[in-house]
Every structure is written in C-alpha cells, then in structure tokens.
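One structure below.
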Amino acid sequence: MKTEINNINVLIIIPCFNEEASIYKLLLEIKGVKIPNVILHALPVNDCSTDKTTNEIERATSVYLDLTVNLGIGGAVQSGYHFAQLHQYDIAVQLDGDGQHPVSELSKLLTPLIQNECDVVIGSRFIHKEGFQSSSLRRFGINYFKRLNQFLLGIKITDSTSGYRAINTKALKLVCDYYPDEYPEPEAIILFHMNGLKIREVPVEMKERQGGVSSISSFRSLYYMIKVTLGILFIYFRIKFYGKRSTL
Amino acid sequence: MENVVPYKIQILSIIGALAFMFFIFRLIAKGKLREEYSIIWIICTVVLLVFSFWRNGLDILAKLLGVYYAPALVFLAAIFAIIIFLVHLSVVNSKQHEQIKKLTQEMAILKSKVLGDEKKDNV
C-alpha cells in the first residue's frame, strides 16, 4: 500500500449502517481532500445495512469491507483497524458515515499525530462550542462522562462520545487487541490513557446528521448511560488489576 | 423420621433419573451435546440416582448441615446448581460472541482482498 517513503498513509474508517443518503457524497468529498505528504484512503465498513448503502459505496469506491454479521459500531470500526494494521497504515481515522464529521477538518486531526505530539486525537465540538451542539440530553450525558473521566483518569476530555478521532500505530495495536462492541468511544479513552498513550482534543465544528438515524436515540439514552458507565468501570478495573484483557 | 419416603416415590424417582440419564446419553451419542457440557449433566443424574436409592440420605445430609426442613436443601442445591450453570453458559456465550466477531472481521478483510484481486485480473 505504501507508494513513497516520506508520505504518510492514512486510512479513514467509515462505519456505515444504513447511510445510503450520505455515504456516496461523503466518499467523493474524501477523494477531493488533498493534504501535502499525506495519502488518504477511505475504507467504508458496511455493517449489514438493509438499505442501498452497499450500492452507494460501490458507486464511489472498490475498496470497502462488508460484514456478514452485524457487529455494531465497535466491531465494524475494529475490522477497519485490523485492515489498517494489516496494510501498515501510519494513521487510522474514524469518521462517521452520516456526514456529521466534517472532512474539511481532517488535517486538524492529523497534524498532531504527524508531528508526533500525541498518539490519539479526538475531534471535540465542545472546545470552541461551534457548530451543531446536539440535544440537551446528549450534552448532559457528555458532561457526565467528562466528570467520570476526570475522576478516574484525572484528564479532561470535553467530548468523550465523539467518534471523530485519529490514532497512530501504537494506539492501533491496542484497539486491534480489544475494542468494545457497543458505544466504544468513551471506553476507548480509558483504554488509551491507562496504557500510557497521549490523548489530545482538537476543536472541530460538527454538522447535524445528513441522514440516517443516530445509534443513540433518546429512548435508549438511559441504557446507553448505564452500559457505558459499566463499560468504563469494567475496563478501568480490568486494566488496573489484570493489566490487560485476557484473550477470551 | 426414618422411612418417610414411601416406595412409590422412590421407584418413580429412580425411573425419572434413569430416563434423564438415557436422554443425556442419547444426545451425546447423536452428537447434539458436546462432551464438555455433558459432564455436568452426567454428574446431575448420578446425584439424582444416588438419592433415589439412598432414601435416608437427604435427611442425614440435612441434619448434618443444620437444615430443619430437608426438602429445602434440595431446592437450595438445585437453585445453586442452576445459577452456576447459567453463569457458565453466559461465559460460553461471551466467548462465542468474540469468536464470531473475529471470524466476521477476518472474512470481511478477505472478501475485500478477493474482490480487489479479481478486479486486478480483469484489467
């Protein structure tokens, strides 16, 4: 996959579940992005969509992953991470398929990694409070996770549910080993930090979703909070007492 | 307290235990039950059989453990065994979940590779 030695290979993993409305446009948009010394490849991961997502993806690119069994967002993203590791990409980016994450802000996420300043970069919509700020319920949840992270890790992450993030090869090795299935983002922060990786947040302006349905509807938000809290606590104690997750 | 268990129920319980054992063995023989899961069921049937033949066993055991009402011991033991087995099943389930995930991911990556190779051949 490597073409030139000095160039940095970046894989953009796009988990898709019923994103027929937005995925084609998004893939074209990524093709149009030019960042000096960076080679971008998009990798849509179709997680058993029931609509025309597959056709829309094929219209734009021939490189994609098609999951036979629905794995949920975590499993879908992780298969992208495996792909990145297999093909020796330098940086893996996660970007949602619904068009919420602006492709134009990509270089902001990549720069700290390219300059070796940290291992994980998270795009946060709450640093400058610009763009789409999401519902008050969701904001409450994000605030809650911010406090929980601060309590457990002593670091401040303003947008721990943000799925717009870039990781380097060190972090890639970790997430290939273990990545949560459902709502993986807040848990992954614990995983990164407790394994000694440096996390940085950069401000990004997010848009309202272009299509599809969020994996977090208000009906399930309580379940979400409980599940993620448990996940965070479990992974915290697991790493604290067992060092690493024993392979099942 | 001796001989509170009438013969009728003893014969019934022996028949029941034997039928259960036969059922388990048939499942194993047909390959519908893996040996590792069958062990616990075989132990269960053996315990059932022992207590069907040894009629005072339950009372003796209950007295030994300080349980006043002997049948309560049966329920306690049974519920305990069921819970343990359910946890075991959850563990097995989680393991399989992880295995299916790995298989799906590997397959997706292989599929994309095969598709890519086919396209290269056609050019």
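Values in this document were obtained by computation on a predicted structure and should not be read as measured data. In what follows, every chain begins at residue 1, and chains take the letters A, B, ... in the order their sequences are listed.
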What part of I109(B) gets within 4.5 angstrom of chain A, counting heavy atoms only: side chain, backbone, both, or neither?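 Looking at I109(B), backbone and side chain both touch chain A.
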Name of the residue among Q105(B), K102(B), K101(B) meeting side chain to side chain contact (heavy atoms under 4.5 Å, CB included) with S79(A):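 Going through Q105(B), K102(B), K101(B) one by one, the side chain to side chain contact (heavy atoms under 4.5 Å, CB included) with S79(A) is satisfied by Q105(B) alone.
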Under the side chain to side chain donor-acceptor pair (under 3.5 Å) test, residues paired with N46(A) that sit two or more places apart: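 N46(A): side chain to side chain donor-acceptor pair (under 3.5 Å) contacts with S49(A), T54(A), D66(A).
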What residues, two or more places apart in sequence or in another chain, satisfy side chain to side chain donor-acceptor pair (under 3.5 Å) together with Y24(A)?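 None.
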Side chain, backbone, both or neither of [X] within contact of chain B (heavy atoms, under 4.5 Å):
X       : result
Y179(A) : backbone
L67(A)  : both
L86(A)  : side chain

[X], [atom1]: over 12 other non-hydrogen atoms inside 6.0 angstrom:
X      : atom1 : answer
K52(A) : NZ    : no
F53(B) : CZ    : no
Q99(B) : CD    : yes

If you round to the nearest 0.5 Å, how far is CG of L103(B) from CG of L71(A)?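 The CG atom of L103(B) is 10.5 Å from CG of L71(A), to the nearest 0.5 Å.
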Looking at every non-hydrogen atom in both residues, tell me the closest pair between S112(B) and F83(A) and how far apart they are.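 Taking S112(B) first and F83(A) second, the nearest heavy atoms are OG-CE1, 3.8 Å.
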